[in-house]
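Remarks on the structure that follows.
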Amino acid sequence: MRAARYYGKEDVRIEDIPKPECGEGQVRIAPAFVGICGTDLHEYLGGPTFCPVSPHPVTKETIPVTLGHEFSGVVEEVGPDINSFSIGQHVVVQPTISCGTCGACKAGVENTCHNGGFVGLSGGGGGLSDSLVVPASYVLPLPENVPLDVGALVEPLSVAWHAISAAPLDESSTVLVLGGGPIGLAVVQCLGAKKVKKIILSEVAPARQQFAREFGAHHVLDPRENDLVAMTKELSDENGADVVFDCAGVPASITTACQSVKSRGTVVNVAIWEKAVPFNPNMLVFREAKFTAVLGYQRKDFEAVIEALGSVGQLQPSRMITRKIRLEDLVEQGILALTTAKDQVKILVDLAA
Amino acid sequence: MSMKAVRFHGERDLRYEDIPEPQVGKGQVKLKPAWCGICGTDLHEYLGGPNLCPTTPHPITGDSVPLTFGHEFSGTVEEVGEGVSDYKPGDRVCVQPIIYDGTCGACQEGLINCCYSNGFIGLSAGWGGGLAEHIVVPETALYHLPDNVSLEIGALIEPLAVGWHAVNVSPFKPGDAVLILGGGPIGLSVIQALVSRGADKIIVSEVSRQRQEFAKQFGAHHVLNPLKDDIVAECRRLCENQGVHVVYDAAGVQAGLDQAVHAVRARGTIVNIAVWEKPCSIHPNDLVFKERRYMGIATYVKGDFQDVLDAISEGRMKPEAMITKKIKLDEVVEEGFKTLIKDKDNQVKILVEIAGGS
């Protein structure tokens, strides 16, 4: 079967590999649509970071590994003991790999597992292939009214859902979102699903500013032209934002976030950072504010997103899909296109194309 | 009428001098300060200020440098203004020195410590200070000392309230393991607040041997030296290989933060109490990959002073040993500030006795 395999920096190959066997407790899935993520991009440009160069503690695999961790698919085969899924059913996969035995797993925080990883990055196959086998516990059914291409957006939306669940929020909250990339836009949509009335988004690129407006941001500001701290205060009776989501991860954003948040407010860091940054704790001291970091998602986030997609109108993310490509075009029209084109949100690989 | 006061005029310029005695007004109480502690913040101001002391009129008090120092103090009521009914001459009190406007967004949510215009009596706003023979403060700044709490202990309520507030606002719950960075007065007050709540695994990281001894004396279960011990490895070893639940940073230095982010477990919290002298560096991924949290803490809110007074009155907190030296008002510079600069390790709290300490 075909698979897009990561060999190292700037080396992703579409090649033929054997189809994996489906055993007890497992489900075989034919991926339908697969999103290309910023993490894939980072692996390609500067990795391996997540992809294991020594045997992964859980999967025991090393590179080459198959890529693709944001995907939907169709059930092709189930293990002899599996009756919760049927052939032909539309599903999504929560790609979290965790050991189940470390302190974090025992504390119910398996997304921070000391030995953790992801299907599609750490071994165990990936969505960018004609077929993969995963434990049935990784699989969630997709409601009939949710198309398979939207199913591939469940993963990034779950990152956002997990992030907004980490902060105290209600409809009356003033929220500032820094960065209008896929995750920033997903955060805006999840806030919209929670009916938050005042969503301020900061973004430099005009195309992304436009997306942010379409997805429900009430105020869209260009950080080069606006004083974000002052504008956020002005929009919140001089108090500052109840919650700030940092989906940008640049040195200026952490300072803006900590200065825009109100007394006892919360800064939620969703970004992954490339290096250490200057930080002045006094910014948080004088307002008793919190800086909370979130990572990935948990099963309840996947379930909440799927429910919101299934029920009418709560989440309508299909416009996030800005391009669909063939597996053979993954590198040129997918990964490399994302490095240059700021008018792209989600590029999906259509395995059937 | 004039009185003696210790006033801050600028960097390394603290003067014991005569100034006019303040007059009591409506809603105000005139006190005779009895004991007043010298705080690290006073020292910073003396060595490198003015930083917090206003050089232009403070928005609430209208005062600016020179200002009378002293924000950790107890005293006796001398006279009360019109409309004051809860206090009478002779009452023994301590002062919660926050000055706040009561109208801003933070104050309206009860966060007077985060008031947009806030300041401190005896430091960053004026209205006099504890290092004087008399002071006039609003009635709302006062707390009665219980009969079994002395005026000397009354001067310790302020620093103890800082530690109490930090523990109160933090996610600490009984059974949690904690690491405290720094065994100075605030670190020691955090230890005492935790002990009074039944904490059974308090780890303290402190360089000075004398302060290590104080930490043990006040109830720390494990005292580590960051110059010799691997703080991260020790915290993991002592806590099921996971790390502590909460870190309290009462040191405010880069090396401490670097240890804190790895000594705290997944979803654990770093509680910063320190006011930092300069920005530090942090790698947010160190927080991200374990969903760790970092929070700032500022002084105290209404309720903390009373909680501390109750804890002492009921014997759950015994802070006497924090007092390491007592001096007179005319010795503040030589025996107070200069001792804290030269002999910091052996001192926790130096108390200044004013007018015979009663």
When the 4.5 angstrom heavy-atom criterion is applied to A:N111 and chain B, the contacting part is side chain

Point to revise | Plane angle bin for B:Y294 and A:F279 - parallel if under 30°, tilted between 30 and 60°, otherwise perpendicular | key: perpendicular

Whatever's closer than 4.5 Å to a heavy atom in chain B on A:V109 counts as side chain

>> Can you confirm whether B:E277 is buried at CD, in the sense that more than 12 heavy atoms of other residues, nucleotides or ligands lie under 6.0 Å from that atom?
In response: no

Most heavy-atom pairs under 4.5 Å with chain B, out of A:R287, A:R264, A:K290, belong to A:R264

Check your understanding: Can you list the steps and then say if A:K233 with A:E238 is a salt bridge (charged side-chain N to carboxylate O under 4.0 Å, His left out)?
Key -> CA-CA 4 Å; A:K233 284 191 176 155; A:E238 295 304 316; over 6 Å; no

The interface call for B:V169 against chain A, heavy-atom contacts under 4.5 Å, is side chain

Per-residue tally against chain B (heavy atom, under 4.5 Å) across A:I272, A:V277, A:L284, A:N280 peaks at A:V277

Counting heavy-atom pairs under 4.5 Å with chain A, the top scorer among B:C280, B:A106, B:A274, B:C104 is B:C280

task: Please tell me if the side chains of B:H283 and A:W273 come closer than 4.5 Å, counting only heavy atoms from C-beta onward.
output: yes

Most contact-rich option vs chain B, by heavy-atom pairs under 4.5 angstrom, among A:T112, A:V270, A:N269, is A:T112

Chain A shares the most heavy-atom pairs under 4.5 Å, among B:R267, B:E291, B:K290, with B:E291

Given A:V294, A:I254, A:V267, the one with more heavy-atom pairs under 4.5 angstrom with chain B than any other is A:V294

**Study point:** Check: A:S122 main-chain N/O paired with A:E61 side-chain donor or acceptor under 3.5 Å
**Key:** no

Discussion item. What verdict does the salt bridge (charged side-chain N to carboxylate O under 4.0 Å, His left out) test give for B:R237 and B:E234, after you've listed the backbone C-alpha separation in whole Å, the side-chain angles of each residue and the deciding distance to 0.1 Å?
Written reply: CA-CA 5 Å; B:R237 187 180 68 79; B:E234 280 299 293; 2.9 Å; yes

Bottom line for A:N239: the part with an atom under 4.5 Å from chain B's heavy atoms is both

When the 4.5 angstrom heavy-atom criterion is applied to B:I297 and chain A, the contacting part is both

Greatest number of non-hydrogen atom pairs under 4.5 angstrom with chain A, of B:K278, B:E109, B:E240, falls to B:E109

**Request:** Return yes when atom CG of A:D227 has more than 12 non-hydrogen atoms of other residues, nucleotides or ligands closer than 6.0 Å, and no otherwise.
**Result:** yes

The side chain to side chain contact (heavy atoms under 4.5 Å, CB included) partner of A:K194 among A:L169, A:I164, A:D170, A:V175 is A:I164

Okay, A:A166 and chain B: the region with an atom under 4.5 Å from a heavy atom over there is neither

So, the part of A:K106 with a heavy atom under 4.5 Å from chain B: the answer is neither

Worksheet entry | Sidechain-backbone polar pair: B:E72 side chain, B:P159 backbone, donor-acceptor under 3.5 Å | no

